[in-house]
Number of protein chains: 2
Amino acid sequence: MTGPGLRARKKQDTRAALAAATLELAAEHGLAAVTVEQIAARAGVSYRTFFNYFSGKEEALLRPGGAGPGTFGPRLLGQDPALPVLAAARAALHEELAVLESDRAAWQLRLTLIADDEALLPRLVELGATGEREMTAAVAARTGQDAERDLYPALVGAVLGCAVRVTLARWHRLEGRAPLPRLLDEALDALAAGLPDPASPS
Amino acid sequence: MTGPGLRARKKQDTRAALAAATLELAAEHGLAAVTVEQIAARAGVSYRTFFNYFSGKEEALLRPGGAGPGTFGPRLLGQDPALPVLAAARAALHEELAVLESDRAAWQLRLTLIADDEALLPRLVELGATGEREMTAAVAARTGQDAERDLYPALVGAVLGCAVRVTLARWHRLEGRAPLPRLLDEALDALAAGLPDPASPS
DNA sequence: CGCAAGATTGCACTGTGTGCAAGAAAAGTG
DNA sequence: CACTTTTCTTGCACACAGTGCAATCTTGCG
């Protein structure tokens, strides 16, 4: 009974080493100036092996745990079915984002790199596209609609993705001085209220 | 008085030829299977020249007119200042999307390629990021808020981008059987209403 | 015509990402 | 433990993206 098995453990180690090397090197020189060769060297692995774990530097930086199955769907479906969709999504998103706060320093650093590199934000969206599809599917399941044909699930999925993105950007700009859950609630409140014109510049 | 001048006209011709070649070849083989070399050859220019016009195949496909200054900002600011932001944005977006209907076949084809290639949708978002920044800035100007610090402009800019994206996807799925303006209105109505749960599956 | 501005092109070079096959390491089996 | 199978790693070769530079050609204009 070796549990996960030696093999799987080494694999996870390598993945973590690659992700860490990417984060360090990107913090030092900016992601654009870092080559996969350098990352692999720092992680003690060959160039070729890097691509056994990640499809590119961006993925290594933004999705350090690898692809994985995604957790939003189950979480959304686990909420009280009596809740309106937006309220259920809010609860599910709070659970999702809790991960980020547990590894705050690293994620703040990643957000810094995203803000700097300017070409990474779309990449984040790209990776977030998976999450968006997942949200769309989960919303469709909850409302009994068709994820492909109906407007509502696609729109809610996309908009929730936006809300998360904007929230993370604000969290970063405030350097974590404001709690992430509160920022998320502000964004979702504005959405649920129909994005009314703001009172006036405070 | 040659008007635009021969030089500028030739430049536009070359740009148009490259964009058209990209669209044709992508329609034939899928964008991923097309090389810049092929595109340049079909347009009758050298490989190197392609990059004088576009930063890559994706831009040639999704932004055939080149970068350009962006028109949403002026359009939003040209709306009646008494209008709520969302209503003004709706009017401005209708003007923006009118372009697509004037060249319907080509844009439907582009949307098909986006749907097929699966790696292009994020690229669309990437190019749309410019538009999103523009929308954010315009909204901030209209509300007298700070595009950098305040939640509202960033959220509205991002969400409008989502709404456009989802609307285009639906328009494509319906193969133009529904008028684009109506689809956009449906999405914006849902947003303005605060994304209430849908009635029930019709 | 003849010069200046600007566009096109070829060349060389770095880096990405992939397919393939050989080799090393772990897991399973008697 | 020895042997096989499975899985991961690695090197090699390759096609393509994208960029800097310098030479060359074209257009605009005096």
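Below, chains carry the letters A, B, ... as their sequence lines are ordered, and counting in each starts from 1.
- To the nearest angstrom, P of dG15(C) lies 15 Å from CD of Glu58(A).
- If you take CZ of Phe50(B) and P of dA7(C), they are 17 Å apart, rounded to a whole angstrom.
- Environment of CD in Glu101(A): crowded, with over 12 heavy atoms of neighbouring residues, nucleotides or ligands closer than 6.0 Å.
- Geometrically, Lys11(A) engages Tyr53(A) in a cation-pi contact defined by less than 6.0 Å to the ring centre and at most 45° from the axis.
- The minimum heavy-atom distance linking Leu160(A) with Leu188(A) is given by the pair CD2-CD2, 3.9 Å.
- For Lys11(B), taking side-chain heavy atoms from C-beta onward, the closest of the listed nucleotides dA7(C), dT9(D), dC8(D) is dA7(C).
- Salt-bridge formation is not detected for the pair Arg63(B)/Glu58(B): no Lys NZ or Arg NE/NH1/NH2 atom is positioned less than 4.0 Å from an Asp or Glu carboxylate oxygen.
- Residues of residues 36-47 of chain A that place a heavy atom closer than 4.0 Å to DNA chain C, in numerical order, are Val36(A), Tyr47(A).
- At the phosphate of dA7(C), neither OP1 nor OP2 sits under 4.0 Å from any side-chain N or O atom of Lys10(B).
- An OP1 or OP2 oxygen of dA7(C) is reached within less than 4.0 angstrom by no side-chain nitrogen or oxygen of Asn52(B).
- Under the 4.0 Å criterion applied to side-chain N and carboxylate O atoms, Arg165(B) and Glu132(A) are assigned as salt-bridge partners.
- When distances run from any side-chain atom of Arg48(B) to the nucleotides dG10(C), dG11(D), dA25(C), the shortest one goes to dG10(C).
- Nearest nucleotide to the Phe51(B) side chain, out of dC12(D), dA17(D), dT8(C): dA17(D).
- Under the 30°/60° scheme for interplanar angles, the aromatic rings of Phe50(A) and Phe54(A) are found to be tilted.
- Across all strands, Tyr53(A) comes closer than 4.0 Å only to sugar-phosphate atoms, never to a base (heavy-atom distances).
- Taking atom CD of residue Glu59(A) and atom P of nucleotide dT18(C), one finds them 11 Å apart after rounding to whole Å.
- In this structure, Lys57(B) places its NZ atom 16 Å from P of dA15(D), rounding to the nearest Å.
- Regarding Arg7(A), its CZ atom lies at a distance of 15 Å from the P atom of dT5(D), rounded to whole Å.
- Sorted by first then second residue, the side chain to side chain donor-acceptor pair (under 3.5 Å) pairs that include residues 83-99 of chain B, not counting sequence neighbours, are Thr71(B)-Glu96(B), Arg75(B)-Glu95(B), Arg75(B)-Glu96(B), Gln79(B)-Glu95(B), Arg90(B)-Asp185(B), Arg90(B)-Asp189(B), His94(B)-Asp185(B).
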